[in-house]
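What follows is one structure encoded as structure tokens, with my remarks underneath.
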Amino acid sequence: AQPSRETVAMFPDDWSDDLTNAVSTGLRLVVILVIAAIARWVAHRAISRVTRRMHVSLAGDGLTSTLAGTLSGPASVGRSEARAATIEAMSQSLVTWVLASIVTLLVLGELGINLAPLLAGAGIVGIALGFGAQSLVRDVLAGFFILVEDQFGVGDVIDVGTANGTVERISLRSTQLRDLNGTVWHVPNGTILTVGNKSQGWARAVVEVTIALSADIAAARRIMIEVAETMAQEERWRDAMALDAGPDDQGVSALTPVGATLRIVVTTEPKSQWAVERELRQRIKEAFDAAGISLEVPHIAPPVL
């Protein structure tokens with residue numbers, strides 16, 4: 001039996017073609033989304049595996065080796081773990097944004113939207129933003145290399161020239177420092193040309209004491225060494241002071257009419273050098289007093305004009 005005129009009118013050939021095209025387009029969109037999801041999953045797994053290997057490698061190496069040994073501990077593991085986690089999150093986010101941009105263009109193309117005007121407009125906007133956001137791009141690139149090269153991390157005490165203090169926060173755009181007075185400094189990463197990290201790997205406590213020229217210099221040097229060695233054996237300071245090679249007695253660092261300046265150097269754990277210096281100065285002063293070594297210096301009158 002032939003279809004009636006009413007049935008043919010209800011389902012024209014154009015409607016059938018449109019339905020076929022819609023189903024075909026929908027299937028292609030589903031394929032695009034599925035492939036994008038799989039690509040994102042594979043990329044994220046690969047990034048996680050690479051950063052996990054980096055964390056294991058950094059944790060296994062420990063901190064930077066020093067004079068006759070190495071300083072290592074849970075701080076090195078925590079630092080490498082935080083660094084690996086930051087790089088992993090940043091890389092995964094970048095991959096997600098790139099895939100999302102590509103999928104958006106493919107979907108718009110499948111929907112029949114002309115991409116040429118959009119790409120041209122995006123290019124013009126991109127050029128305008130590029131000129132206006134050069135400093136932002138520079139800050140982001142600098143922040144990326146700061147994280148990858150592990151120049152410093154949260155909790156480190158650093159000096160960037162324009163400010164110095166403890167790092168409280170690092171982002172791709174800026175670094176937040178808090179100085180000794182409690183002031184918070186926000187430093188754009190692109191402006192950090194040189195950075196001095198005072199708490200990475202190991203540190204040194206440098207103590208200089210000026211004694212009278214009439215004092216026994218040899219005895220004073222022996223006392224300073226004994227004070228440092230005794231202090232390092234105490235439970236409170238054992239972890240902070242690394243005396244595998246003993247304190248570095250550098251003898252007389254300066255000799256002036258004011259007096260003789262003696263210097264002793266002790267290797268310490270990061271960020272412990274200041275506390276060790278303060279304690280050593282106090283103990284050396286007390287030991288000198290007990291030994292009768294004078295720290296009094298003669299008063300030199302100003303020249304008569």
Side-chain angles (χ1 to χ4, degrees), residues 62-76 78-79 152 155-159 164-167 178-182 196-303:
L63 297 178
T64 307
S65 60
T66 64
L67 302 175
T70 58
L71 295 175
S72 60
S76 62
R79 181 186 182 89
F152 52 83
D156 286 354
V157 179
I158 65 173
D159 185 348
N164 62 83
T166 303
V167 179
R178 186 179 297 274
D179 64 15
L180 187 61
N181 297 322
N197 195 327
K198 301 179 181 180
S199 54
Q200 190 174 47
W202 51 276
R204 280 180 172 175
V206 181
V207 176
E208 292 187 337
V209 179
T210 301
I211 63 176
L213 293 176
S214 59
D216 188 342
I217 294 180
R221 292 174 60 183
R222 287 194 301 269
I223 290 174
M224 293 175 67
I225 295 175
E226 292 172 359
V227 168
E229 291 176 342
T230 301
M231 179 175 165
Q233 294 174 2
E234 298 177 4
E235 183 178 358
R236 177 185 175 187
W237 301 101
R238 188 178 298 121
D239 294 336
M241 301 172 67
L243 293 184
D244 294 338
D248 183 11
D249 174 26
Q250 298 188 355
V252 181
S253 62
L255 192 61
T256 66
V258 175
T261 301
L262 308 181
R263 176 189 295 162
I264 188 171
V265 179
V266 176
T267 303
T268 71
E269 286 285 344
K271 296 187 291 186
S272 298
Q273 62 267 38
W274 301 290
V276 171
E277 287 177 358
R278 291 191 294 268
E279 185 69 17
L280 274 176
R281 291 189 186 101
Q282 178 177 338
R283 296 192 180 201
I284 290 173
K285 171 62 169 62
E286 295 172 352
F288 280 179
D289 290 342
I293 297 177
S294 175
L295 297 181
E296 295 181 1
V297 295
H299 175 71
I300 301 178

Does W274 form a side chain to side chain contact (heavy atoms under 4.5 Å, CB included) with V157? I'd like the steps, not just the answer. CA-CA 12 Å; W274 301 290; V157 179; 3.9 Å; yes

I223 versus A287, closest heavy-atom pair with distance: CG2-CB, 3.5 Å

Nearest-0.5 Å distance, CG of residue L295 to CD1 of residue I284: 10.0 Å

What are the two closest heavy atoms between A219 and I293, and how far apart are they? C-CD1, 4.3 Å

Looking only at heavy atoms, what is the nearest atom pair of T268 and R204, with distance? OG1-N, 4.1 Å

So, does Q273 use its side chain to make a donor-acceptor pair with the main chain of K271 at under 3.5 Å? yes

Could you pull out the closest heavy-atom pair between A260 and L213, with the gap in Å? N-CD2, 3.7 Å

Scanning both residues in full, the closest heavy-atom pair of L280 with A228 reads CD2-CA, 3.9 Å

At what distance, to the nearest 0.5 angstrom, does CZ of R236 lie from CD of E279? 5.5 Å

Min side-chain heavy-atom separation E235-R238 under 4.5 Å: yes

With sequence neighbours excluded, tell me which residues meet side-chain contact (heavy atoms from CB on, under 4.5 Å) with A218. D216, R222

Just so I know, are the side chains of V276 and M231 near enough to count as touching, which here means a heavy-atom distance under 4.5 Å? yes

So T261 and V252, do their side chains get closer than 4.5 Å, heavy atoms only? no

Look at the side chain of D179 and the backbone N and O of N181, then say whether any donor-acceptor pair between them is shorter than 3.5 Å. yes

Do V206 and R263 have side-chain heavy atoms sitting under 4.5 Å apart? yes

Grab the two heavy atoms, one from S199 and one from G155, that are nearest each other, plus how far apart they are. OG-O, 4.4 Å

Residue list, side-chain hydrogen bond (donor to acceptor under 3.5 Å, both in side chains) with K198, at least two apart or on another chain: none

Nearest 0.5 angstrom please: E208 CD to R281 CZ, how far? 9.0 Å

